Amino acid sequence: MMEEEEFELAEDLEAILHLTPEVQLAIEQVFPSQDPLDRADFNVVEYINTLFPTEQSLANIDDIVNKIRLKIRRLDDNIRIVVRGQTNVGQDGRQKKAESPLKPTNPFLEDESGEDLGGEKDDDLSKKPKAPDNPFHGIVSKCFEPHLYVYIESQDKNLGELIDRFVADFRAQGPPKAGTEEGGAVLPSCADLFVYYKKCMVQCSQLSTGEPMIALTTIFQKYLREYAWKILSGNLPKSNSNSVGLTITSLLKEKEGSETAKFTVDELCLICSILSTAEYCLATTQQLEEKLKEKVDKPLVERINLTGEMDTFSTVISNSIQLLVQDLDAACDPALTAMSKMPWQSVEHVGDQSPYVTSIIMHIKQNVPIIRDNLASTRKYFTQFCIKFTNSFIPKFINHLFRCKPISMVGAEQVSTFSINF
């Protein structure tokens, strides 16, 4: 009974370990061997008969068995070294991100061991000798390419669940709080996404650098867009104009702009945070595209193109800036409307600063410092916000000036007292 079980096990192992003729030929070309154990047509019975042609030759069986065991042990050691070298992919990157959650690093500016390559390279690192090429690279894995769709489908499912978790976490934890270190910071979920992307990319490139890498890139594109839509654009505050029709009297009564400011401080902070996250995603997506092109086979490089996804993040940035501009612009609208409705022809003397001027200055002093502080890490976009607001507000102000007619000489002097420090 035991002999039958061992025979069946041997047949099963032979079926599992069977290699196609192409793979076997490639192995023989890379590692030519005279050892009969390495032959594709190796026959156990013939091999034993060769070793022990007579009963007397069985006296040396212990030596032969020990030699075979030594070969097996060496082979096991070599396999163990290779496997252990692949078990911690991406772990160092996760640890670095956890140490600095508010300032996520770009995982694609690190090497596969997690060392940051974005700054100046250490002398020892730059002098590190290049590892020898693996002679087996791409030979065996090509046989598995038709079946790697299982891996791609698995990553598609995993990333879908990851995005859903990001959405749930955002709803449960809420946006970054104003007045804290989180205010205006990059959302931590985006660093988690790109660390996972790097892990997938490294794993897939170890299995294949052909069509499966293109399929994985398509999956990456899908969830970059979903992240932009569900996590970023989907959480931008909605603007609604309900502050029209104020008069000079209401301007005099309003307290700290509560009647006209549409977005709260927390909402302004959230917009800035989404803007900063979109900028991080834009830069990191560019690095992801470059790394994918390095990994994939040269004939397939042209099929790696993440321009559409980078444009999506650029759109999120533009929409965020536009929301900030519209909010401040709309907060100033009632004051301009009230200015154009004043009876300027009946003004008899020049007085203190007009109420509409006070209102406009107040709104600017409320919003601009908050936006400036929360975009401290992305100064160029704060500059863009200032330029866009100025380009929107100045023509509108001039237009309302023309609506002040008829106006007396004294009234014109009162209007000219308008002075805002941008």
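The shown structure was predicted, so the numbers you read here are calculated from the model rather than taken from an experiment.
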With sequence neighbours excluded, tell me which residues meet side chain to side chain donor-acceptor pair (under 3.5 Å) with [X].
| X | value |
| --- | --- |
| K157 | none |
| D164 | none |
| E226 | K230 |

* Structure fact -> Rounding to 0.5 Å, atoms CG (L162) and OG (S189) come to a distance of 8.5 Å
* Between NZ of K396 and CG of D333, what distance do you get to the nearest 0.5 Å? -> 3.5 Å
Between the side chain of [X] and the main-chain N/O of [Y], is any donor-acceptor distance below 3.5 Å?
| X | Y | answer |
| --- | --- | --- |
| Y227 | C190 | yes |
| N235 | I231 | yes |
| T209 | S205 | no |
| T217 | I304 | no |
| E153 | V150 | no |
| E289 | L306 | yes |
| S273 | A185 | yes |
| S208 | C204 | no |
| Y381 | S318 | no |

* **Pairwise salt bridge (charged side-chain N to carboxylate O under 4.0 Å, His left out) hits with a residue in residues 314-324, at least two apart** => none
[X] and [Y]: which non-hydrogen atoms are nearest, and at how many Å?
| X | Y | answer |
| --- | --- | --- |
| L268 | F263 | CD2-CB, 4.0 Å |
| S392 | V325 | CB-CG1, 4.5 Å |
| S320 | I271 | O-CG2, 3.6 Å |

* Asked: For L300, what residues pass the side chain to side chain contact (heavy atoms under 4.5 Å, CB included) criterion, not counting sequence neighbours?
  -> E211, I214, V296, D297, R303
* **Lys/Arg-Asp/Glu bridge criterion (N-O < 4.0 Å) met for E294, K291** => yes
* **Distance-only side-chain donor-acceptor flag, N305 / T307, under 3.5 Å** => yes
* Enclosure of R69 CZ (heavy-atom neighbours >12, cutoff 6.0 Å) -> no
* F220: what forms a ring-ring contact (aromatic ring centres under 6.0 Å, His included) with it, not counting sequence neighbours? -> Y197
